[in-house]
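Shown next, in structure tokens, is the structure this report addresses.
Treat the numbers as computed from the prediction; the structure is a model and nothing was measured.
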Amino acid sequence: MSNIPINDPASPTRSGWRPLGLGFRPFFLLGGYAAPALIAAWLLAWHGTPPRLATYYGPIHWHSHEMLFGYVVAVISGFLLTAVRNWTGQRTASGVPLGLLALLWLAGRLLPWAAAVPDGLQAAVDLAFLPALAWALTGPLWAGTNRVNRLFVPLLLAMAVANGLVHAQALGWTTATAARGLDLMLDLVILLLVFVGGRVMPFFTEKAVHGAKPKQRAWVENLGFALLLLLGLLHLVGAPRWLVGVAFIAAGLVQALRLWGWHHRQIWGIPILWVLYTGYAWLVAGLLLSGLCAFALFPPSLATHALTVGGAGVLTLGMMARVALGHTGRDLQTATAINIAFVLINLAAATRVLGPALWPAAYVGWILLAGLLWILAFALFAWRYTPILLRPRADGRPD
């Protein structure tokens with residue numbers, strides 16, 4: 001990627017618009033605005049003045065579904081539609097096809113709020129997105145020479161299966177599959193974040209820190225992925241809690257070892273790098289805490305939010321910030337507002353996980369504070385990155 005220093009990253013040197021040039025542009029925009037909007041709606045419910053939370057899913061499942069299949073999937077989509085072009089040298093969706101994909105994602109978010117829309121149509125639209133994304137990536141991935149990259153297609157289809165389990169309960173076809181589908185989706189998101197983290201974090205570290213030599217040991221890599229795949233299988237079949245707990249703890253320890261192998265003390269002076277390390281550390285913490293939950297040593301909902309708010313939230317915000325700069329020809333230096341956003345998102349995770357654990361009597365207050373910190377972090381992202389994502393590259397090159 002070209003690192004082109006400019007005075008103000010929010011003010012490109014070229015005029016015009018480029019919102020559908022490459023996948024990261026529309027999907028990072030959608031994700032960046034959906035993240036605070038979804039939590040704002042949820043906070044209103046906690047405050048006692050709820051909006052019409054989508055009755056199709058029910059309030060609890062709506063919140064979980066939209067954060068995973070809405071916000072997180074938007075970031076995954078933008079990342080993959082951009083990265084696959086780099087990995088394979090093949091063009092990915094742009095222009096009208098990319099716009100249609102983005103509209104399909106957006107329709108899946110909006111239709112559950114419309115009372116007049118039949119439930120079956122709501123389900124069909126939302127279920128169509130992940131297979132459509134997989135199809136859009138299949139051609140470029142199979143044209144590329146690295147067969148490992150093709151694993152993203154079955155991973156996306158597995159996410160579609162998880163979504164199907166949620167919709168099956170929402171449609172009344174089953175009575176207890178939504179939670180299993182959400183658990184499976186979270187397992188798959190963790191697997192994807194771990195896979196992508198292993199590709200980009202050692203590379204970013206080596207490039208940004210002089211003399212850094214991140215360690216990538218084959219046995220750690222293989223064992224880490226095997227344990228995460230096992231976790232997904234155990235959740236899918238409804239394995240005993242103690243077995244799931246042991247798998248969580250083993251996975252957390254292996255990922256901690258993996259992260260330590262990449263670490264260099266100088267990363268803490270580079271915000272766009274340390275945010276990825278803190279996000280990965282939250283993943284590690286979430287895996288370990290989830291293991292403790294199986295033995296009734298930690299509240300399950302707090303462990304889940306270590307994985308979601310901490311792991312997925314911090315990592316995706318950091319990746320959006322980094323990818324958008326690199327692919328719009330800008331210097332890889334984040335603005336002060338974005339550095340503040342990195343701090344705020346980590347504070348949101350700490351507040352959501354540690355606050356209720358240390359002072360459970362103030363549970364609702366902790367939820368409100370964590371949500372407000374999350375909203376502010378993504379509001380800063382939306383403010384600084386909307387011009388970057390809408391306008392052409394600063395260096396004059398095409399997307």
Practice task
Using modelled atom types only, decide if a donor and an acceptor are shared between the side chain of T386 and the backbone of W383 within a distance under 3.5 Å.
Solution key: no

Exercise for the section: Kindly say whether V237 contributes a backbone atom to a donor-acceptor pair with the side chain of R180 at under 3.5 angstrom? Expected result: no

Practice task
Check whether I345 and V343 end up in the same hydrophobic cluster, where Ile, Leu, Val, Met, Phe, Trp and Tyr are linked by side-chain heavy atoms less than 4.5 Å apart.
Solution key: yes

Handout entry: Whether S64 side chain and H61 backbone form a donor-acceptor pair below 3.5 Å
Key = no

Exercise for the section: Hey, can you tell me if F378 and W374 have their rings parallel, tilted or perpendicular (30° and 60° cut-offs)? Expected result: tilted

Exercise for the section: Examine I60 and L171 and state if one hydrophobic cluster contains both, with Ile, Leu, Val, Met, Phe, Trp and Tyr joined whenever side-chain heavy atoms are less than 4.5 Å apart. Expected result: yes

Fill in the blank from the handout: Smallest heavy-atom separation, A132 atom then L101 atom, equals CB-CD2, 3.9 Å

Practice task
Compare all side-chain heavy atoms of L288 with those of L253 and state whether any distance is below 4.5 angstrom.
Solution key: yes

Problem - Residue among Y56, F69, W113 satisfying ring-ring contact (aromatic ring centres under 6.0 Å, His included) with W62 - result: W113

Problem - Rounded distance [0.5 Å steps], CG in L389 versus CG in L22 - result: 11.0 Å

Exercise for the section: Could you tell me whether the side chain of Y280 reaches within less than 4.5 Å of the side chain of V314, counting heavy atoms only? Expected result: no

Problem - M159 to L188 - nearest heavy-atom pair and separation - result: N-CD1, 3.6 Å

Practice task
State, yes or no, whether a side-chain contact exists between R109 and L38 at a heavy-atom distance under 4.5 Å.
Solution key: no

Problem - Flag, side chain of W105 to backbone of G70, donor-acceptor distance under 3.5 Å - result: yes

Exercise for the section: Please say whether more than 12 non-hydrogen atoms of neighbouring residues, nucleotides or ligands are located less than 6.0 Å from CH2 in W173. Expected result: no

Handout entry: Nearest-0.5 Å distance that lies between atom CG in N149 and atom CG in L80
Key = 10.0 Å

Exercise for the section: Without swapping roles, check the side chain of R330 against the backbone of T328 for a donor-acceptor pair under 3.5 Å. Expected result: yes

Problem - Close side-chain approach of V84 and Q90, heavy atoms under 4.5 Å - result: no

Practice task
Compute whether any side-chain donor of one residue and acceptor of the other, for Y57 and H63, lie under 3.5 angstrom apart.
Solution key: no

Practice task
Test L259 against L283 for side chain to side chain contact (heavy atoms under 4.5 Å, CB included), laying out the working first.
Solution key: CA-CA 10 Å; L259 182 62; L283 276 185; over 6 Å; no

Handout entry: I270 and F204, any side-chain heavy atoms less than 4.5 Å apart
Key = no

Exercise for the section: Can you spot which of R91, R393, R25 makes a salt bridge (Lys or Arg N to Asp or Glu O under 4.0 Å) with D399? Expected result: R25

Practice task
Please find out if less than 6.0 Å separates the ring center of H235 from that of F248.
Solution key: yes

Problem - Residue pair R322, L332: steps toward the side chain to side chain contact (heavy atoms under 4.5 Å, CB included) verdict - result: CA-CA 7 Å; R322 204 297 184 176; L332 298 178; 3.2 Å; yes

Handout entry: 4.5 Å side-chain heavy-atom contact, D126 and H65
Key = yes

Completion exercise
Between P202 and G197, the two heavy atoms sitting closest are CD-O, 3.4 Å

Practice task
Kindly give the heavy-atom pair with the smallest separation between V153 and A134, and that separation in Å.
Solution key: CG2-O, 4.1 Å

Exercise for the section: Kindly indicate whether a cation-pi arrangement holds for R265 with W268, taking the cut-offs as under 6.0 Å to the six-membered ring centre and within 45° of the axis. Expected result: no

Exercise for the section: State yes or no: do V275 and W260 share one hydrophobic cluster built from I, L, V, M, F, W and Y residues joined by side-chain heavy-atom distances below 4.5 Å, directly or via other members? Expected result: no

Problem - Check: E221 main-chain N/O paired with Q216 side-chain donor or acceptor under 3.5 Å - result: no

Fill in the blank from the handout: Correct closest heavy-atom pair for V125 and A107 would be CG1-CB, 3.7 Å

Practice task
Taking the side chain as every heavy atom from C-beta outward, state whether N146 and W87 have any atom pair closer than 4.5 Å.
Solution key: no

Exercise for the section: State which residues pass salt bridge (charged side-chain N to carboxylate O under 4.0 Å, His left out) with E206; sequence neighbours excluded, sorted by chain then number. Expected result: none

Problem - Heavy-atom side-chain contact between L257 and R217 under 4.5 Å - result: yes

Handout entry: Donor-acceptor under 3.5 Å (W366 side chain, W359 main chain)
Key = yes

Handout entry: Joint cluster assignment, M185 & L233, ILVMFWY side-chain distance < 4.5 Å
Key = no

Problem - Flag, side chain of R241 to backbone of C293, donor-acceptor distance under 3.5 Å - result: yes

Practice task
With side chain to side chain contact (heavy atoms under 4.5 Å, CB included) as the test, would you mind laying out the steps for F129 and N163 before giving the verdict?
Solution key: CA-CA 10 Å; F129 179 76; N163 200 16; over 6 Å; no

Handout entry: Any donor-acceptor N/O pair, T82 side chain to F24 backbone, under 3.5 Å
Key = yes

Handout entry: Atom CH2 of W142 with >12 non-hydrogen neighbours under 6.0 angstrom
Key = yes

Handout entry: Gap between atom CG of N346 and atom CG of L373 - 0.5 Å precision
Key = 11.0 Å

Fill in the blank from the handout: Residues V117 and Q122: closest non-hydrogen pair is O-NE2, 3.0 Å

Practice task
Kindly check if the number of other-residue, nucleotide or ligand heavy atoms within 6.0 Å of CZ (F203) is above 12?
Solution key: no

Problem - From CG (L292) to CG (L287), nearest 0.5 Å - result: 11.5 Å

Practice task
Please report the C-alpha distance between I267 and V209 in whole Å, then the side-chain angles of each, then the deciding distance to 0.1 Å, and finally whether the side chain to side chain contact (heavy atoms under 4.5 Å, CB included) criterion is met.
Solution key: CA-CA 7 Å; I267 63 107; V209 178; 4.0 Å; yes

Practice task
Answer with yes or no whether the hydrophobic clustering places V148 together with V196; edges join I, L, V, M, F, W, Y residues whose side-chain heavy atoms lie under 4.5 Å apart.
Solution key: yes

Exercise for the section: Determine whether the aromatic ring centres of F152 and F195 lie less than 6.0 Å apart. Expected result: yes

Exercise for the section: Keeping the roles fixed (side chain from R85, backbone from P140), state whether a donor-acceptor pair exists under 3.5 Å. Expected result: no

